[in-house]
Trainee: 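If you scroll down you'll find the structure; I have some questions about it.
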Amino acid sequence: MAAHVIVLAAGEGKRMKSDLPKVAHPVLGKPLLGWVIDATSDLDPASITVVVGHGADQVREILPEATNTALQAERLGTGHATQIGLDAAEGISGDDVVVVLYGDTPLLTPGLIAELANLSEDETGRLISADVEDPTGYGRVIRAEGGSVGGIVEHRDCTPEQLKINEMNAGLYAIRANHLIESLENVTNDNVQGEYYLTDVVGLLVAEGHKLSAIKTTPEEVMGINSQDQLAEARRELQRRINTELMRSGVAILDPDRTYIDESVSVAPGATIYPGTHLEGSTSVAAGARIGPDVFAVDTSIGADSTVWYAVLRGAEIGAGCEVGPYASLRPGTVLEAGSKIGTFVETKNTTMAEDSKANHLAYLGDAIVGARTNVGAGVVTVNYDGVDKSKTEIGEDAFIGSDTMLVAPIKIGDRATTGAGSVITKDVDDDALAVERSGQKEIPGYSSRRAARKAAKDAKD
Ligand code: UD1
Ligand code: CA
């Protein structure tokens with residue numbers, strides 16, 4: 001027996017008020033639909049088919065490669081959508097189990113989905129329900145004698161008595177394939193909304209003597225996302241799960257409510273994360289590193305025992321024992337080798353800082369290589385762009401770039417070379433040399449007293 005998953009995701013999601021299809025909205029680096037698909041991991045289904053409709057092309061783009069799609073051109077109801085999914089799914093045989101999910105319920109857990117599909121011999125199907133305070137709008141689970149499921153009645157089709165039932169149908173089912181296929185043929189659109197209801201399958205099967213049961217979960221776990229505020233609620237919960245898992249593995253997170261880590265990020269045990277930290281994409285943090293407060297890092301690796309605070313890191317590689325910040329911007333192609341330091345108001349791009357080199361204050365380093373143990377002074381700029389071409393700056397080892405040096409690239413500064421403060425360096429500098437570019441200092445004696453006299457004369461006239 002194999003399990004096949006059909007995910008209904010043709011709806012528009014009008015209340016999101018967004019051009020992006022609802023299920024494509026990202027939450028912690030993964031679209032809503034991705035969270036649903038990943039919740040089938042324990043189930044390990046033989047196939048996953050996503051029924052797309054609204055924004056079909058955009059939804060197809062965000063799907064993992066191994067998923068099929070089926071196009072529901074006209075949305076005639078959940079029963080119709082499931083039928084279209086079944087028609088497109090491959091390799092379903094009669095005794096397989098078909099699991100139907102919605103694409104907008106990102107809080108589902110793998111354990112629940114596996115349990116849903118784990119039908120016992122005498123069961124034809126299972127569904128998921130939850131007791132909610134206000135079930136308005138939801139289908140109600142009607143219980144038969146003995147507690148098994150008797151059917152589902154949509155809110156708009158409920159009798160006044162049925163409206164009082166608080167057990168809502170979450171819309172998630174596992175049903176044996178042959179019985180699902182047969183009973184879908186008998187579903188009509190003869191109801192208040194004129195739709196083909198998947199929920200009718202439940203009542204039809206029960207009427208034929210099949211046994212179906214319901215697993216109750218919390219309303220939170222089956223929460224469907226329909227609006228931006230619900231999306232934020234889901235994001236909070238998923239973030240809480242990620243942070244809890246990290247803390248249990250040995251990561252110190254000082255304030256998990258103010259720490260934002262994508263699922264794709266890896267943080268090693270022994271790292272410390274201060275509040276206001278956002279870690280995204282393929283970012284990784286090694287043991288002993290201290291990140292934050294207020295760090296934004298995307299696709300950046302941070303080595304062991306490094307400290308990064310008040311910084312923006314994009315596509316950077318930070319080695320072990322480095323220091324970054326406060327107030328630093330590391331742009332793509334930045335490589336900090338072990339023990340190097342980027343300090344306050346320093347921006348780097350496509351630049352390698354070799355071991356133990358430093359740029360502590362107010363510098364721009366672009367398209368540069370800075371040699372080991374070299375010190376880059378305050379206010380240094382690699383003048384790498386002449387408006388047409390970008391050029392490289394190469395600085396050797398143990399060099400000393402004086403404060404406010406302009407390095408007009410392309411340029412090479414030798415090992416152990418020094419540049420004088422305030423110099424505009426346009427020619428290569430040899431190893432061990434000092435290069436100074438400055439006009440000689442002039443001194444004009446008695447200047448202040450002459451100025452004071454001039455001011456006094458002017459005041460007397462006024
Ligand atoms: C459905 C259930 C209801 C349950 C509720 C839980 C039916 C008839 N009713 O309500 O018992 O309490 O879910 O949220 O099934 N979809 C399609 N194609 C369609 C129609 C829907 O793909 O033609 C998708 C939607 O994108 C959505 C999901 O199916 O992800 C549910 O549709 P929605 O209209 O929100 O559910 P209801 O029918 O109101
Ligand atoms: Ca100068």
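FYI, the numbering just counts along the sequence from 1.
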Trainee: Please tabulate, for the side chains in residues 402-414, all donor-acceptor contacts under 3.5 angstrom to protein atoms that are two or more places apart in sequence or on a different chain.
Mentor:
| unit_1 | atom_1 | unit_2 | atom_2 | d |
| --- | --- | --- | --- | --- |
| T405 | OG1 | G402 | O | 2.6 |
| T405 | OG1 | T419 | OG1 | 2.9 |

Trainee: For a 4.5 angstrom cut-off between non-hydrogen side-chain atoms, does I302 reach L313?
Mentor: yes
Trainee: Side-chain donor-acceptor pairs under 3.5 Å in residues 17-41, sequence neighbours left out?
Mentor:
| unit_1 | atom_1 | unit_2 | atom_2 | d |
| --- | --- | --- | --- | --- |
| S18 | OG | L20 | N | 3.1 |
| S18 | OG | H25 | NE2 | 3.1 |
| K22 | NZ | D104 | OD2 | 2.8 |
| K22 | NZ | I225 | O | 3.1 |
| K22 | NZ | N226 | OD1 | 3.0 |
| H25 | ND1 | P21 | O | 3.2 |
| H25 | ND1 | K22 | O | 3.1 |
| K30 | NZ | D38 | OD2 | 2.5 |
| K30 | NZ | E263 | OE1 | 2.7 |
| K30 | NZ | E263 | OE2 | 3.4 |
| W35 | NE1 | V27 | O | 3.0 |
| W35 | NE1 | K30 | O | 3.3 |
| T40 | OG1 | I37 | O | 2.6 |
| S41 | OG | D38 | O | 3.1 |

Trainee: Just so I know, are the side chains of T136 and H155 near enough to count as touching, which here means a heavy-atom distance under 4.5 Å?
Mentor: yes
Trainee: How long is the span from the OG1 atom in T82 to the CG atom in L8, to the nearest 0.5 Å?
Mentor: 4.5 Å
Trainee: Is it true that E237 and R241 make a salt bridge, defined as a side-chain N closer than 4.0 Å to a carboxylate O?
Mentor: yes
Trainee: Quick one: do the T259 and N243 side chains pair a donor with an acceptor below 3.5 Å?
Mentor: no
Trainee: Does a donor on one side chain sit under 3.5 Å from an acceptor on the other, for Y197 and Q193?
Mentor: yes
Trainee: Under 4.0 Å between a side-chain nitrogen and a carboxylate oxygen: does that hold for D432 and R416?
Mentor: yes
Trainee: Would a distance-only check, ignoring hydrogens and angles, find a side-chain to backbone donor-acceptor pair under 3.5 Å from R126 to E115?
Mentor: yes
Trainee: Over 60° means perpendicular and under 30° means parallel, so tell me whether Y196 and H80 are parallel, tilted or perpendicular.
Mentor: tilted
Trainee: Taking atom CD of E233 and atom CG of L107, what is their separation to the nearest 0.5 Å?
Mentor: 8.5 Å
Trainee: Taking only distance into account, with no hydrogens and no angle test, what donor-acceptor pairs under 3.5 Å do side-chain atoms of residues 165-172 form with protein atoms, sequence neighbours excluded?
Mentor:
| unit_1 | atom_1 | unit_2 | atom_2 | d |
| --- | --- | --- | --- | --- |
| E167 | OE1 | R143 | NE | 3.0 |
| E167 | OE2 | S129 | OG | 2.5 |
| E167 | OE2 | R143 | NH2 | 2.6 |
| N169 | OD1 | G171 | N | 3.0 |
| N169 | ND2 | Y173 | OH | 2.9 |

Trainee: Cut-off 3.5 Å, side chains only: do H4 and S47 have a donor facing an acceptor?
Mentor: yes
Trainee: Tell me whether R373 is salt-bridged to D398, with the criterion being a basic N under 4.0 Å from an acidic carboxylate O.
Mentor: yes
Trainee: Is any side-chain heavy atom of P106 closer than 4.5 Å to one of M223?
Mentor: no
Trainee: Determine whether the side chains of T374 and E397 contain a donor N or O and an acceptor N or O closer than 3.5 Å.
Mentor: no
Trainee: Verify whether one side chain among T307 and R290 offers a donor that lies under 3.5 Å from an acceptor in the other.
Mentor: no
Trainee: With under 30° as parallel and over 60° as perpendicular, where do the rings of Y327 and F345 fit, or are they tilted in between?
Mentor: parallel
Trainee: Say whether, by atom type as modelled, one donor and one acceptor occur between the side chain of S249 and the main chain of P269 under 3.5 angstrom.
Mentor: no
